[in-house]
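For reference, the structure discussed in these notes is given below.
Per chain, numbering begins at 1; letters A, B, ... match sequence-line order.
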Protein chains: 6
Amino acid sequence: MGIHTYLQSLSKLERIHRAPGEFKFEEHNVAAHSFKVAQYAQLLATVEEQSGTKIDWKSLYEKALNHDYSEIFIGDIKTPVKYATPELREMLAQVEEGMTKKFIEAEFPDELLPIYLEKLKEGKDETVEGRILAVADKMDQVYEAFNEIEKGNTERVYREMYEEALLSIQKINLHCVSYFFNHILAEMLEDDTETTEGIRIITDKILAK
Amino acid sequence: MGIHTYLQSLSKLERIHRAPGEFKFEEHNVAAHSFKVAQYAQLLATVEEQSGTKIDWKSLYEKALNHDYSEIFIGDIKTPVKYATPELREMLAQVEEGMTKKFIEAEFPDELLPIYLEKLKEGKDETVEGRILAVADKMDQVYEAFNEIEKGNTERVYREMYEEALLSIQKINLHCVSYFFNHILAEMLEDDTETTEGIRIITDKILAK
Amino acid sequence: MGIHTYLQSLSKLERIHRAPGEFKFEEHNVAAHSFKVAQYAQLLATVEEQSGTKIDWKSLYEKALNHDYSEIFIGDIKTPVKYATPELREMLAQVEEGMTKKFIEAEFPDELLPIYLEKLKEGKDETVEGRILAVADKMDQVYEAFNEIEKGNTERVYREMYEEALLSIQKINLHCVSYFFNHILAEMLEDDTETTEGIRIITDKILAK
Amino acid sequence: MGIHTYLQSLSKLERIHRAPGEFKFEEHNVAAHSFKVAQYAQLLATVEEQSGTKIDWKSLYEKALNHDYSEIFIGDIKTPVKYATPELREMLAQVEEGMTKKFIEAEFPDELLPIYLEKLKEGKDETVEGRILAVADKMDQVYEAFNEIEKGNTERVYREMYEEALLSIQKINLHCVSYFFNHILAEMLEDDTETTEGIRIITDKILAK
Amino acid sequence: MGIHTYLQSLSKLERIHRAPGEFKFEEHNVAAHSFKVAQYAQLLATVEEQSGTKIDWKSLYEKALNHDYSEIFIGDIKTPVKYATPELREMLAQVEEGMTKKFIEAEFPDELLPIYLEKLKEGKDETVEGRILAVADKMDQVYEAFNEIEKGNTERVYREMYEEALLSIQKINLHCVSYFFNHILAEMLEDDTETTEGIRIITDKILAK
Amino acid sequence: MGIHTYLQSLSKLERIHRAPGEFKFEEHNVAAHSFKVAQYAQLLATVEEQSGTKIDWKSLYEKALNHDYSEIFIGDIKTPVKYATPELREMLAQVEEGMTKKFIEAEFPDELLPIYLEKLKEGKDETVEGRILAVADKMDQVYEAFNEIEKGNTERVYREMYEEALLSIQKINLHCVSYFFNHILAEMLEDDTETTEGIRIITDKILAK
């Protein structure tokens with residue numbers, strides 16, 4: 001039924017929760033996650049720009065806002081499944097792309113169709129903006145895991161999520177990555193010395209690598 | 001960490017909700033769904049047995065109780081994705097089977113290992129018990145959709161779920177399928193004539209096919 | 001309104017929560033509890049059978065699935081009230097039985113009536129299956145209490161529930177009870193040495209008795 | 001351990017929900033229910049006093065605030081069970097009284113003990129204040145049922161609750177009962193003519209009796 | 001549309017939650033808060049009366065029950081905003097009073113109008129009952145903060161709320177304030193020595209002032 | 001504690017819910033609302049640009065993402081209070097600005113301070129981007145109200161919210177406003193002819209003005 005169908009579907013992102021199946025003290029939906037990723041991208045790109053990199057701000061914010069839209073069609077496939085074999089991963093990516101394309105072609109009027117085909121494409125490419133999105137997305141994983149551990153969540157999965165996210169960020173070559181480690185993460189770990197001791201140990205190990 | 005890891009993981013099924021992303025008045029978790037499927041199987045197999053069919057009750061109940069356990073590894077992949085191409089479906093089924101097998105081999109002691117490899121296999125096979133499970137699983141989809149529509153949920157998806165489930169049940173060749181249509185569904189539609197008018201129309205169309 | 005009324009009433013068990021009035025990090029409904037009890041029964045009976053005991057599997061699973069159905073009529077009467085005097089307990093048991101009987105007679109057709117009168121009877125009798133149900137039911141109390149304590153719940157009631165459940169299991173004469181203490185409980189306590197220290201102390205005291 | 005134990009236990013009333021097992025659009029806990037009953041009592045007693053009746057206000061408010069405290073010990077026993085036989089009802093009342101008394105004697109210091117034994121007694125006696133409490137308690141049942149029906153809840157139980165509450169209020173001999181029917185109920189039914197048509201029919205039938 | 005509008009609006013207090021924006025393990029609505037404040041007032045005034053002070057019980061309970069009603073019109077303005085400047089505070093108080101007055105004049109019939117204008121006025125005046133209300137209101141802040149800290153909530157705001165509430169109570173000149181510190185708070189801190197160590201340190205500092 | 005304090009505070013927006021005190025079938029938090037407003041802004045500005053207007057995309061997205069950040073300091077003051085008198089409104093705006101400024105100055109390092117003072121300023125100014133933000137913000141109010149009404153919510157407040165939002169959008173002079181009325185709203189009202197009849201009547205009245 002046109003653009004209204006697209007706008008209405010955004011509220012589905014409010015009903016999809018992150019890390020389904022895991023015990024957590026606080027739920028996070030994909031709409032709020034996308035908001036936070038866009039906020040982190042705002043900060044990271046500001047820092048990156050101050051180091052002399054040119055930022056395409058329009059592209060940056062659209063990548064952040066749209067990066068999880070396709071969860072509406074695909075659902076939440078657990079990471080180990082997604083990455084089980086390169087063939088499966090490739091096939092799933094094709095299906096995802098195909099379904100998003102089909103939806104846009106069915107719902108958008110001609111004048112908006114090519115624009116939204118572009119906007120809703122996979123955003124984590126090799127551009128500066130794509131790499132900032134990758135950092136921002138993993139930063140939210142760091143915060144989600146950190147906040148659970150700080151509240152006393154003993155499930156191993158949050159330690160794994162925290163570690164995996166830090167390792168992923170470390171591999172991305174950007175000025176704002178240093179800023180993240182030297183300023184944001186440093187302040188985060190000072191926040192509450194008592195409860196974050198366990199997190200500090202994991203962090204120090206990773207940084208020593 | 002052994003059998004305890006298996007038992008502990010069952011509580012993950014309490015945290016995975018059905019039909020993520022859709023608006024609903026009432027949430028249902030996979031553990032409660034499995035309970036209801038086992039209850040429906042109990043009724044359907046009782047009826048089937050009275051028609052002279054021999055039932056392997058041990059197999060029936062284990063199929064019902066274990067049929068969604070692998071959602072712990074796989075997550076909730078939306079049906080249109082799962083069935084996008086026969087290759088993808090086959091590949092996903094292999095990955096699912098592989099992950100379940102790997103988990104059982106890692107956690108179960110030798111004396112229980114072959115038994116649980118058998119118990120946690122895909123249950124919807126061509127045996128009487130496998131077909132009763134298929135009916136019972138779709139029956140819960142009928143009830144979930146019916147209850148939302150009756151409460152005034154106008155989302156199209158519940159009409160589609162209702163229709164798809166009835167059509168699937170209709171295709172299964174069992175005595176208890178007639179019993180479902182003639183007794184259970186008939187009583188359900190009489191339950192509240194006012195609110196179920198819309199449902200009755202869908203139902204009559206399907207039964208007329 | 002017939003069998004549909006019975007099937008519909010099962011969703012009431014999804015809305016009745018265990019341990020009402022107590023603070024908990026995670027809620028559990030009676031439908032999900034029944035599912036887990038049936039799963040524990042599956043494991044315990046498998047172990048019991050390996051020790052040479054004959055299991056009536058049909059009876060076992062039906063006892064597990066149906067054991068809390070009467071909560072629909074009775075509500076959640078707190079244990080100390082239920083057991084205040086033997087007369088009260090006896091009277092409540094009679095009322096419960098009477099209400100369940102009246103419901104089945106009103107709703108089930110003739111061909112299913114005697115079968116469901118049998119199925120929905122109190123399941124914790126002196127048969128092997130009745131005793132396995134008693135262990136499985138208490139095992140879920142152990143897990144519920146353990147999971148709250150592990151998450152940092154300081155309410156005394158969970159320590160009491162944990163202790164009471166272990167003591168009840170200990171009194172039941174079955175091979176699978178030894179298996180529970182030697183394997184399942186042992187693995188559970190090794191799961192997270194830091195947080196389970198308090199639980200280990202209670203457990204050691206009970207096992208020393 | 002002392003008065004703190006009593007004060008702390010009040011938060012249990014925030015965790016006990018009314019009408020467990022029934023589908024509802026909005027949950028109500030016993031603490032909020034007690035607040036609303038005290039508010040209704042405030043209004044009803046003001047009206048009653050204006051008709052020339054003398055009100056013991058201290059007694060009235062304490063009856064309203066304390067009338068469901070014993071649910072902490074007793075749990076939620078469904079009404080049909082409670083009233084199954086006069087003997088059972090009497091026995092349950094005795095157990096309830098005994099447990100409340102035992103708790104007060106264990107926790108309260110000497111100077112407060114007799115006062116709280118009096119305060120926490122069953123409040124619905126034959127005094128004016130006891131009868132106003134009875135009306136106020138049933139008025140909340142009217143509002144809970146009305147609000148569910150107005151929101152489109154089709155469960156029969158809310159129609160029964162609404163009817164039963166109106167019939168109970170009608171039997172109580174107080175000026176404020178006429179006020180309730182002539183003013184409050186009249187305004188309630190005018191609130192939304194469209195959705196309350198069904199309620200109006202029930203109400204007119206009852207008032208015609 | 002009359003008194004029904006007032007009674008219906010009470011359920012809004014069930015939907016307004018305290019301390020919005022802060023992470024908490026347990027939510028508290030304003031209706032349940034008002035119930036607890038009335039319960040604390042009952043205890044504090046009983047103690048105060050035993051010290052020889054005359055209590056106007058009608059006034060006391062109505063102040064407690066009605067003290068947060070105006071949140072329906074005003075919403076939850078954060079304390080630092082409310083107290084930013086004396087002019088702003090005065091202006092907000094006038095607006096609040098004006099809106100409550102306007103509502104009562106629009107909804108209540110003549111015979112109840114002056115009575116409810118009086119009942120719904122700001123209750124924390126310099127009378128004994130007004131001061132007991134102030135203590136009772138802060139006591140609930142103490143309990144809310146204490147319960148979060150005891151459950152492992154590391155957010156600084158609960159330590160601040162706990163400290164601010166104790167300091168406010170300490171400034172109020174009533175016999176029941178001594179009783180609160182010597183009996184209630186003392187028992188509260190003994191409740192669980194392990195988890196309340198941090199709270200004890202804050203408390204001892206405040207009492208030493 | 002620096003920038004981490006800012007990033008951490010974003011999760012407070014996940015815990016602040018819109019329209020507190022009103023009954024609703026679905027809750028919306030301020031973080032998810034900000035995400036949807038940014039999405040609507042994306043669409044509206046794309047349309048506006050196609051009509052030949054120049055868009056400052058960086059400014060547009062930052063206005064949308066940051067427009068409700070100050071709710072963290074201010075809380076949810078109900079609209080009628082905020083607008084009670086021009087003096088109060090002005091004073092509240094000053095306090096809000098002052099608190100946001102004080103927070104930024106306390107937490108941000110020198111190199112980011114002036115940038116964030118700019119970013120977190122009130123965004124609804126007279127620029128094209130400021131006006132698009134105003135439309136987008138009201139569009140979410142339209143969707144929230146529409147979705148409640150469609151689900152059967154009979155509370156008058158949602159009809160008022162719907163009407164007020166449409167009237168506000170109508171007053172804004174932008175090409176995308178016509179697009180909103182002619183395409184988006186038109187499609188929305190066609191979505192479900194049965195349930196949206198009431199909404200259509202309100203809409204037609206407004207468009208006729």
Give a yes or no on whether [X] atom [atom1] has more than 12 heavy-atom contacts from other residues, nucleotides or ligands under 6.0 Å away.
X      : atom1 : answer
C/Q50  : CD    : yes
C/K124 : NZ    : yes
C/E126 : CD    : no
B/E105 : CD    : yes

Of C/Y116, C/Y40, C/W57, the largest count of non-hydrogen pairs under 4.5 angstrom with chain B goes to C/W57
Pairs of heavy atoms under 4.5 Å with chain B: top-ranked of C/N66, C/L13, C/D56: C/N66
Check whether B/E187 reaches the backbone of C/T5 with its side chain - one donor and one acceptor, N or O, closer than 3.5 Å. no
Between [options], the one whose heavy-atom pairs under 4.5 Å with chain C are most numerous:
options                       : result
B/I115, B/I184, B/N147, B/L65 : B/L65
B/A38, B/S11, B/A32           : B/A32
B/H183, B/R15, B/E27          : B/R15

To the nearest 0.5 Å, what is the distance between NZ (C/K36) and OG (B/S34)? 12.5 Å
Could you tell me the separation between the OG1 atom of C/T46 and the NZ atom of B/K119, rounded to the nearest 0.5 Å? 3.5 Å
Whether the B/Y6 and C/Q39 side chains hold a donor-acceptor pair (N or O, under 3.5 Å, no angle test) is what I'd like checked. yes
Under a plain distance cut-off of 3.5 Å, with no hydrogens placed, do B/N29 and C/E14 share a side-chain donor-acceptor pair? no
Heavy-atom distance under 4.5 Å to chain B: side chain of [X], backbone, both or neither?
X      : result
C/E26  : side chain
C/H33  : neither
C/L43  : both
C/Y179 : side chain

Provide the closest heavy-atom pair for B/F146 versus C/Q8 in the form atom of the first, atom of the second, distance. CE2-NE2, 4.1 Å
Is there a side-chain contact between B/L10 and C/Y143, using heavy atoms and a 4.5 Å cut-off? no
Under 4.5 Å between any side-chain heavy atoms of B/M188 and C/L7, yes or no? no
Given that the side chain runs from C-beta out, which part of B/Q42 has a heavy atom under 4.5 Å from chain C: side chain, backbone, both or neither? both
